[in-house]
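All values below were derived from every heavy atom in this structure, side-chain atoms included, with hydrogens, water molecules and symmetry-related copies excluded. Every chain is numbered from 1 and lettered A, B, ... according to where its sequence line falls, protein lines coming before strand lines.
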Amino acid sequence: MITTLFYILFLSPILGFAINGINFRKSNAMLAGIIGTSAVLISFIAGVLLFKEMLNVENKVLTVHFFNWLSVGSFNAPASFLMDPISGIMTLIITGVGSLIHIFSAGYMSHDPRPFKYFAYLNLFIFNMLLLVLGDNLLVTFVGWEGVGLCSYLLIGFWFSDEKKAAAGMKAFITNRVGDAGLLIGIFILFSQLGTVNYYELNQYATSLTMESGWFGPITLAMIFLFIGVAGKSAQIPLYVWLPDAMAGPTPVSALIHAATMVTAGVYLLIRLSPVLVLAPNAMMVVAIVGAMTALLGALVGITQWDIKKILAYSTVSQLGYMILGVGVGAFIPAFFHLMTHAFFKALMFLGSGSVIHSMHEEQDIRKMGGLAKLMPITHLTFFIGWLAIIGLPPFSGFFSKDEILFYTYASKSSSILLWIVGVIGAGCTAYYMTRLMCLTFWGESRVSKEVHPHESPISMTFPLMVLALLAAFAGLLGIPHVISEVLPGHPPNILENLLKPYVAKISKHEVTASVEWMLMLISVLVAISMAVLSYMIYVKKTFNIEAITKKISFAHKLSYNKFFVDEFYFARIINPIVLGSKALWLHIDVMFIDKITYFITDVIRTGGTHNKSLQNGNFQNYAFYMAVGIASFLIMVFAF
Amino acid sequence: MPSLESISQIGLNHFLYLSSVLFVIGLLTVLMRKNLIVILMGIELMLNAVNLSFIAFSSYAGDVHGQVIVFFVMTVAAAEAGVGLAIAVAIFKKFKEVEISFFQKLKG
Amino acid sequence: MLLSALIFLPLVFAIVIAFCPKDKIVQPLALIFSGLLFALSMVLLFNFDPSTAAIQFAEKANWIPQLGIKYFIGIDGISLWLVILSNFLLPLVIIGSAKSVTTKIRSFYAALFILQASMVGSFLALDLILFYIFFESSLIPMAMMIGIWGGDKKIYASFKFFIYTMFGSIFMLGSIICLMLLNKTVTGSLSSDVLELYKMDIAFIDGRLFSTQTLLFLGFAIAFAIKVPMFPVHTWLPDAHVQAPTPGSVILAGVMLKMGTYGFMRFAIPLFPEASQQLSWVFSFLAVIGIIYGALVAMVQTDIKKLVAYSSVSHMGYIILGLFAFNELGMTGGLYQMLNHGLSTGALFFLVGMIYDRTHTREISAYGGLAKILPLYSIFFLVVTFSSIAVPLTNGFVGEFYILMGAFLANSVWGSLGVIGVILGATYMLWMVKKVFFGEENPGLLEHKLSDLKTSEFLVLVPIVIMIFWMGLFPNHFLQYSQKSISNLTENVSNYELTLHDKDRKELISQKNNNL
Amino acid sequence: MQPTVKFIDFLLVLPMITLFVFSLLPIALKVFVRGNEEAKADVNVSLSVFGVFISLVLMIMFHGRIFSDGVFFAFSQALVFDQFTFLSSVLCYVLSILALPFILNHPSIRKSQLSEYVFLYLNSLLGMMIMLASNDLIMTFIGLELMSLCLYMMITMNHEIHHSKESAVKYFVLGSMASAILLFGISFIYGSAVMISNGQIITNYSTLVEVASQLIATDRIFLIGYALVLIGFGFKISMFPFHTWVPDVYQGAATPLTLYMATAVKIASILALARFLMLDVLNDSFALSTTLQWIAVLTMLIGNMGALAQSSMKRIFAYSSVAHSGYILVGLIALALEGGPFTANIESLVLYLLGYGLFSVGTFGFLSFLEKSFDDDIQLDSLKGLFYRSPWTALGLTFCLLGLAGIPPTLGFFTKFYIFSTAMGEGLYWLVLWALINSVIGVYYYLKPIVLMFFYQSEEDIYLADNHFQKIIFLTVGFLSLVGGILLPVIL
Amino acid sequence: MISAALFYGFSAFIIIFALAVLFAPNPIVSALSLAATMVGVAGLFFALGSHFIAAVQITVYAGAVMVLFVMVLMLFDLKKEDAVSAMYVRFLKISVAGVILGLISGAITLSGFASNTTIMSVDTASVTPTKKLAVLLFTKYLLAFEVLGILLLVIAIGVVSVSRIKGGTHAKS
């Protein structure tokens, strides 16, 4: 039963991939959409059933063993899978949100010449993502890890005729490769230390180890290397650069891969290994700091962007930053919670932007939009809910998850007040630029050029929006913190926490009174609201002249507008030197040095030949002379010894 | 510094010195003269030196084999001279020339 | 008898083809023959007993007793797959060369079969001199292939190839002779039988460079390193690859380079265990350099074939890295990577050849947007690319992962440095793919009206792709055959011994009795 | 002691006598039967081939059968007949039989004097036989002289007028100078030996062996003598720096004759030198052995380098034969160091010489039927695309070249392997390493003709003499060089 | 034991004429001085007590061979040779020859023959040295003797045929 369900779970996407892939030449968007969507739907259903099964078994863990994949000597990485609450919820998110996005794509890609190819890739992505989350050892996860990277490469470069897009895909893949290299080394270290790559065994052995204080303890190193991989996949500093470019792909792809699922893989991995992670406080510190920085940086950059998708991308970066921050401070469950909520509302917003872009005929610049609210009401409504969620207004989902993280950041022993401040500032910026986005896109007077006539999208696109809107609105109720539930009637339990507690590491946090907790919530909410109001006044009411302000802080503005020149820095300092260096290597080592040596040797021999020619000058008296010299030297030798 | 005694006492080594001097002179003739015939003469000189040393050895050792060998050597030498001159004649008939500088076409 | 058949049937075939009356039937004939050989190798596979590290199907006969040379061939888990690989590639090469070889067909296929014989021979030989003979005689047909059917600088390339490799193997010959003489001082009889030589322990003073064993090891190592080719002595490879015709490059990359790594695995390491461990750091170092250097240099090539050639320098570096990790993971990875590299790089050369036959240019800049023009071709190319950059679920990943892990466990520095190659590998391949397949169509391409893959080309590519995924998904289907041999090698390197499989031993004994 | 000439002595020299008699036959035919008219070419040639063959058969009969075991002396120890004599004479016989047919209608051989030609040919062979069987320095010398004098005259009797005469003069002058040096050396050896001997034949090897080591210890003059004799031989076997005559003379002489010189003559003198080296002096004299090793290295180097710079095939092969005498010297040194009577090292040497001889027959024979007039000198480029004109010839030559280069699986590899392994067995590691490196250098110019034959298309038509004997011999040699390795157990 | 005067006289004679062979510009002169040298050598042979060889030396060499040389020279009637190689070349050649001479004579000195100054007379009561020589020649050295006979025959025929050749169908010159 369970095995069959697993088989269905995995095979239906791969089957969809196969079917779609085989007739990749056809261009019947409808058919392709049906095949692709149904494939994912089936696996969603299977996932749900499995989830129920899992809840029924007492230790809430299902494992299934397919076949021996890699096994040499003591090293053993079977193709076997496990479903516990963590991976279960992930599965549901992936397949659920996935199927919604498939439906959306059916509408979105209706005019595309090669829809089959598109859905094939999408299904393949779902398959790999499932591998990633369900694998019961690091290797299977790694397979999915690289697989999703591959799919994102293919999907970003889906419109490959435009070399920029192809380049963006390549950038994504290679940046991820850098991360994967780190991940590999992390795996090596873990294996060399603990002798296994299976999650449960790792976590068990970990409990027997003592906590490491230094920087170069094996676990610390392993975790830092792992975190390099995470940074690659979850777009953290310094490897986040690929994510904004990844917006080159079709918008649903951005929704699915670059907002909802793939980018959260890193967070997932860290939560999986939390029992090992907590052994390395230094590593956690690094994680936390990087997360906070990323959160802030994303938010800051988001403030000044004009491209709607770019804004969403940077907000994704910053939200991921929050999750990582949460992991870093040991708020594993909140981080996971935020992962989930973020999956909903960010997917929602991306799809919304997709619908906007679709109706604006591929126009992405928000300066050319405005006043779309009345033209496309459903999109507007759903997007509005998403907005409320992301800026963290109660009772919408974003509020609960983000505040949990911030609270832990404040309270955790392995954290500091600074991180909390950074988090709050980030939250404020988020509120600001999301509101800005809303204002410029939907509210205010229309700046839409004459030839485009925006219109509401077809049902196939709006339906997913609505579903996601509901989720975005109420998913938060899965994890109501105690302080709130105490005051609420009936004390609704924190379902998520109860579910996940046994599977993540516990970390000690300061005792904090309820009042302080309320306090913190209040602060962050207030900050969010005030910033939102501010940007509303700027962009709709025009109370302040934004140009003037920009002038005043032009430097900061330039910095933020140009994404802190990070890409430029990378090109100038890392990529170009490598390329030039390799040119030099080839020229000076291969061509000039090694080959030169061989030529030199041959030349020596040849010149010997020519000299011999000149000695051999035909005059036999000279030959006789050579003989005489030979005799002399021969005799000298005889005497010499 | 050889003592007077060793100079007045003519021993085997004197003969050997002589023969080696003769040999070297023959060698030099081969090396330095430009005329084929004279070069042949040089070879004859060398052979004479050989004979001399043979005889010297044989008589100082009181062993007659040396003389026999010398007998053979002479014959061979005569034969060589014959062949050499025959070749010389064959060439001369054609080219009216036995200068060795004439034989420098084959080289390299 | 089976193994001898695998060695000598190709020779017979070569002769038959050489005398084949008309050129039309030559290629089909060759195809049939190669199919026969492949079938034979399958028989071999099915009768192979994976449960032992012993030598199987051994055939032993005194050849030149005065020189102690025996005709002694046999197979074990290490050589099995290489033999099968070469027999697997041969039919594909023959199918593939229908296009690219149009002149002097008969001589070409004759040369191909002779080459096949010598390569299989060198994988099967268990007698050093016999091995040397096969090892060397594979040079002539290969040089012929490059020189007759090659590109515009073919003469230079074939000379370079021949003399470079010859120079290396000379040193091996020297140390083979020394080895035999040493063995003579021990056993009193001249013999180049490897199984016998394994037993001998050669003088080795630890901590001192250039003890007897080290020198002998270096003699072997130089030969194999040039063949592989390892970093400082790799310069013959790009020229040879670029100038060689497609089938030539495929064979060269697919099988011939493996003769070097196989040599390390079969001869250099087990014969001189202490020396090879003493010098392992040198070789790991050179391997790592090769990995990174090859990748970096590949990144700046403008000629597709050159790029692939340098990529194989990088990949072969992985193999060496794995072998000199001296642990089971590394060795297994090394062996597996030999097969992977044979498949993926072979396939890459096939693909490059196919597009070259269409456009007659190998300049990357002359391409662009191929994915629009030749979608199928591009799909195959992409798949093979992924295999060569070791994307999981393709064969390349398994090999590379094993190697890197083994290397890491042996020495974390080399392992970690090797991982850099993973990044660079992706970089240059994807860069090339981007330039060639993506972006706007290059107007130059539209002139020759390009047609997508033909059936014959499918026949070449499909099996390889199938193998790529099969080997990626179920490595154990393949490795179970080699597992015993490898563990035997890694567990007791320092007192390595191989025995004959029981059934063979009985047979040989009975033969001896019959002779008496 | 009462020296008498026994009947058995005559039996032993019967092959030589036969040889002489048969050498007289063509002239007798010319003078007495046909009234000073030249008999048909093939009559002369086949007659002499027959003669050589008969005497070879006799040789085998006597030594192979009757005297298969043990060592026999003839004419009061003037000649010795042991396994070494047997092997080497058979080798020279075979090679000269192979070489003979090539003079058939070769443009530069005088039809009008063919009978004298074969007369000289057989007598030079006779000289070789005496040299090979000689147990006495004097006999060796006389044999050598007989051989070389015949050669001088044969070279002179060439259609081509200038080059042949020039090479004859060069060869003659340098050769007789060398033999003078040889004699001088002999006189010293004789002298230093006679002083401590008591009345037996001093120049006799079997007595020299006994006194040699004692003489080295006491007597400087003996070493000098030995060195001079080595030099005298060294001239014949073209060891550096006494090799300079080789390219010129080989080029000037008629190609069939070059073939003969490069194979039979050279090999005979090498084997004679081997006999002389077996006096077991090198073991006691470090100086000599070191010198010889250096000379060996230089010889290979000069040969290979020289060959690299040539464009004329004949000169290339000439230089390659110089290089090969370098490799052979390696074997000779090993032999000398091992010392003593018949040993395994001799086997390796003889085997190497056999291989070398066969391949040289191949290469020079190939040239000899590529030449269409007596004065043309085959250049490398004229081989272009030969394979596509006459594949068999090209293949034959290819195998011979590969054999000379010592590339497996040709016979050449095995002979090289054998000789080098024996040398290493004597501890000459560096020497062997040098030899190996040199053989790589050699590969370059051995490949060149192959490359030209296979990798190019021919511009102009290539002349090929259609002489069946020659073709057959040529192809057999090529074939042998290919399968020789497999047949090796049979040969050994 | 021969008198020093005799030896030095003869050797001076020999060396002078040998040098004349070497340096005389005119071939004829060198030929005649060669003859003189040979006579001198013969004299030394005589002094050393090997009379037969001395006689042969006179007859064969100074007689036959020299006559041959002179005759050939007459046949060619060459004028005095002009070509003289450059100074440094001659110096080089002479010095090399000197080195050889030095080495050999050094070896002779080292090998201590000086002590040995008495000529062993080989004649015993019955046989004179000449007879002994003859006996040796026809017993021990029989084969060599015969072979020499063959050699002479070969030479005779060969020389004739060599000098009979008329230059080939063409002549380079």
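For Phe172(D), the part sitting under 4.5 Å from any heavy atom of chain B is the side chain, from C-beta outward, and nothing else. Of the atoms belonging to Phe188(D), heavy atoms from both backbone and side chain fall under 4.5 Å from chain B. Using a 4.5 Å cut-off between heavy atoms, Met153(D) touches chain B through its side chain atoms alone. Interface residue Ile186(D): backbone and side-chain heavy atoms are both found under 4.5 Å from chain B. Heavy-atom distances place both the backbone and the side chain of Ile181(D) under 4.5 Å from chain B. Only the side chain of Ile138(D) comes within contact range of chain B, judged by heavy atoms closer than 4.5 Å. Within the 4.5 angstrom heavy-atom criterion, atoms from both the backbone and the side chain of Phe54(B) approach chain D.
The line from OG of Ser187(D) to CD1 of Ile55(B) is 11.0 Å long, rounded to the nearest 0.5 Å. To the nearest 0.5 Å, atom CD1 of residue Ile91(B) and atom OG1 of residue Thr156(D) are 7.5 Å apart. Taking NZ of Lys93(B) as the reference point, atom NZ of Lys165(D) lies at 10.5 Å (rounded to 0.5 Å). Note that the CZ atom of Phe57(B) and the OG atom of Ser192(D) stand 6.5 Å from one another [nearest 0.5 Å]. If you take NZ on Lys105(B) and CD on Gln251(D), they are separated by 12.5 Å, rounding to the nearest 0.5 Å.
Residues in residues 176-185 of chain D take part in these side-chain hydrogen bond (donor to acceptor under 3.5 Å, both in side chains) pairs, two or more places apart or across chains: Glu80(B)-Ser179(D), Glu145(D)-Ser179(D).
With chain D as partner, the option from Ala56(B), Gly66(B), Ser20(B) having the largest number of non-hydrogen pairs under 4.5 angstrom is Gly66(B). Of the residues considered (Thr75(B), Val76(B), Ile100(B)), Val76(B) shows the highest number of contacts with chain D, using heavy-atom pairs under 4.5 Å. Counting heavy-atom pairs closer than 4.5 Å to chain B, the top-ranked of the candidates Val169(D), Ile221(D), Thr244(D), Ile142(D) is Val169(D). Between chain D and the options Val70(B), Leu47(B), Val68(B), Ile69(B), heavy-atom pairs under 4.5 Å are most frequent for Ile69(B).
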Quick one, Leu27(B) with Met177(D), criterion side chain to side chain contact (heavy atoms under 4.5 Å, CB included). Give me CA distance, side-chain angles, the key distance, then yes/no. CA-CA 8 Å; Leu27(B) 187 65; Met177(D) 176 178 154; 3.4 Å; yes

Take Lys170(D) and Leu106(B) through the test side chain to side chain contact (heavy atoms under 4.5 Å, CB included) and record every step on the way to the result. CA-CA 10 Å; Lys170(D) 282 181 178 172; Leu106(B) 294 168; 3.9 Å; yes

Taking it one step at a time, do Ile155(D) and Ile87(B) satisfy side chain to side chain contact (heavy atoms under 4.5 Å, CB included)? CA-CA 10 Å; Ile155(D) 296 175; Ile87(B) 294 174; over 6 Å; no

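Considering every non-hydrogen atom in both Ala61(B) and Val194(D), the closest pair reads CB-CG1, 3.6 Å.
A 4.5 Å side-chain heavy-atom check between Ser53(B) and Tyr190(D) finds every atom pair outside the cut-off.
Classification of the Phe102(B)-His162(D) ring pair by plane angle, with boundaries at 30° and 60°, yields perpendicular.
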